[in-house]
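Contents: one structure, followed by commentary.
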Amino acid sequence: MNSGATIDGNDVLLVIDVQNDFCPGGALAVPDGDVVVPIVNRLAARFRNVVLTQDWHPRGHFSFASTHPGRSPYETVDASYGRQVLWPDHCVQDTPGAAFHPALHIPHAALTLRKGMDAAIDSYSAFYENDRKTPTGLTGYLRERGITRVFLAGLAFDFCVRYSAEDAQRQGFAAFVVEDACRGIDIDGSVAATRTSLMGRGVACISALAAG
Ligand SMILES: [Zn+2]
């Protein structure tokens with residue numbers, strides 16, 4: 001599959017959550033998560049516009065299993081906004097686990113967008129928190145800069161990349177997931193479910209070579 005045109009000034013690369021806690025040795029390691037780092041670095045060099053996202057939770061965040069007595073990671077709880085997966089404590093603000101992977105090298109990235117700061121709401125998507133109502137402001141930022149196509153890479157394919165891609169498409173951008181620049185967690189078939197969902201919404205999954 002091909003994205004159909006050369007990368008230009010109307011395109012942005014969203015680099016999702018390439019942080020220590022999502023890489024091997026981290027608190028919520030995505031298998032082979034660090035493998036994406038050199039791929040993302042090379043990919044980003046081809047984009048004039050790059051935005052980085054950073055999961056950035058306060059201690060005691062609602063999405064942490066440790067916040068819910070008697071509950072374990074990967075169980076679910078009912079939140080006011082729907083079902084929420086519980087995670088190990090991860091990406092706590094200003095801790096080494098929340099830092100970008102040390103080999104991530106994208107000096108021309110214009111914006112680092114932090115998400116998940118509200119203690120009571122998780123935020124998988126770079127566009128909306130998990131209540132689906134609270135915007136991060138990214139849509140306005142991209143629109144004001146004339147962006148029409150959003151390419152996505154990073155971690156994890158089946159959570160934050162998925163929801164960011166689906167929201168990008170819903171907001172009127174053409175969305176492309178660069179799948180070989182992503183890795184997934186794969187809980188209960190979530191990687192296969194992600195591919196099905198993306199396809200159903202018209203989000204293209206492409207390879208890094210096909211991007212541009
Ligand atoms: Zn998180």
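Whatever order the structure lists ligands and atoms in, that order sets their numbers, starting from 1.
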Residues sharing Ile121's hydrophobic cluster, by side-chain heavy-atom contacts under 4.5 Å among ILVMFWY, directly or via others?
Phe62, Val77, Tyr81, Leu86

Backbone of Asp118 reached by a side-chain donor or acceptor of His57 within 3.5 Å:
no

Got Cys160 and Tyr124 here, is their nearest side-chain heavy-atom distance under 4.5 Å?
yes

So if I apply the side chain to side chain donor-acceptor pair (under 3.5 Å) rule between Lys115 and each of Asn130, Thr53, Asp17, which one comes out positive?
Asp17

Which residues satisfy the salt bridge (charged side-chain N to carboxylate O under 4.0 Å, His left out) test with Arg162, sequence neighbours excluded?
Glu166

Around the Zn ion (ligand 1), list the protein N/O/S atoms within a radius below 2.8 Å, excluding water molecules.
Asp55 OD2, His57 NE2, His90 NE2

Residue set satisfying salt bridge (charged side-chain N to carboxylate O under 4.0 Å, His left out) with Asp122, at least two apart, ordered chain then number -> none

